[in-house]
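Working notes, structure below.
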Amino acid sequence: GAVVSQHPSWVICKSGTSVKIECRSLDFQATTMFWYRQFPKQSLMLMATSNEGSKATYEQGVEKDKFLINHASLTLSTLTVTSAHPEDSSFYICSAKTSGRYTGELFFGEGSRLTVL
Amino acid sequence: AQSVTQPDIHITVSEGASLELRCNYSYGATPYLFWYVQSPGQGLQLLLKYFSGDTLVQGIKGFEAEFKRSQSSFNLRKPSVHWSDAAEYFCAVGARAAGNKLTFGGGTRVLVKP
């Protein structure tokens, strides 16, 4: 089946630094990737939709300059949390849609846990 | 806009007993419906999905779900739970018209008693 890999799986950083999280589709091409954020014991909230070769579309309330998304290739999307603060600590999960005929299914990465000190 | 409601935040069930998790959705057209399971600190695993056709859908790990259009529901069931079924379960709705985005319910945490 389709595999999506996220890296790093967990990261700890100091307040004010930037952190980059990668999302890779390992065995398929993904024209569209989605980034979700999950707070402890809560559901997943869509942050943005990332389309290869174009600007990401952000959900209402998500700061574009805070969460930079780049989808430079059909197998890689990155989320950069800029000038991270403790309130950015969360579990970030990406998902990818195959570039072929729409099957409706999205494939999820393992998630990346960010802790900002 | 699409939305999903999972009325039960927590459910405790004895091992070997049956399990039913409720999911209600709101969407103007026929949605794509999904159930995912998440173990602590892990990503999501797809249990099953409904796109069209037979309204009773079989999934992995012995789970099944039934789409009831009249009730806007997509409840998940398992006849006999195992201790390994303890996890968080998310119902999600998506649609091509919505850009394939998935909207998730709040989740139901399942605890399994020995």
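Per chain, numbering begins at 1; letters A, B, ... match sequence-line order.
Looking at B:Q38, the atoms closer than 4.5 Å to chain A (heavy atoms on both sides) all sit in the side chain, from C-beta outward. For B:E88, no part lies near chain A; criterion is any non-hydrogen pair under 4.5 Å. For B:L44, the parts lying near chain A are the backbone and the side chain together; criterion is any non-hydrogen pair under 4.5 Å.
By the rule that hydrophobic residues join a cluster once side-chain heavy atoms approach within less than 4.5 Å of another member, A:M33 and A:M47 end up as members of separate clusters. In this structure, B:L102 is a member of the same hydrophobic cluster as A:F91, with clusters built from ILVMFWY side-chain heavy atoms closer than 4.5 Å. A continuous path of ILVMFWY side-chain contacts below 4.5 Å connects A:Y58 to A:L79, so both sit in one hydrophobic cluster. Follow the hydrophobic side-chain contacts under 4.5 Å out from A:L68 and you never reach A:L114; the two are in separate clusters.
Taking CD of B:Q42 as the start and CZ of A:F108 as the end, the distance is 14.5 Å to the nearest 0.5 Å. If you take OG1 on B:T103 and CG on A:L46, they are separated by 7.5 Å, rounding to the nearest 0.5 Å. Atom NZ of B:K49 sits about 10.0 Å away from atom CG of A:L106, to the nearest 0.5 Å.
Between A:L44 and B:Y36, every side-chain heavy-atom pair lies at or beyond the 4.5 Å cut-off. Looking at heavy atoms from C-beta onward, B:F90 lies in side-chain contact with A:Q38 at the 4.5 angstrom threshold.
Within a 6.0 Å sphere centred on NE2 of A:H7, other residues, nucleotides and ligands contribute 12 heavy atoms or fewer. Heavy-atom neighbours of B:I9 CD1 from other residues, nucleotides or ligands within 6.0 Å: at or below the threshold of 12. Remark: A:K64 NZ is loosely packed, at most 12 non-hydrogen atoms of other residues, nucleotides or ligands lying under 6.0 Å away.
The two residues B:G106 and A:S43 come nearest to each other via the heavy atoms CA-CB, 3.7 Å.
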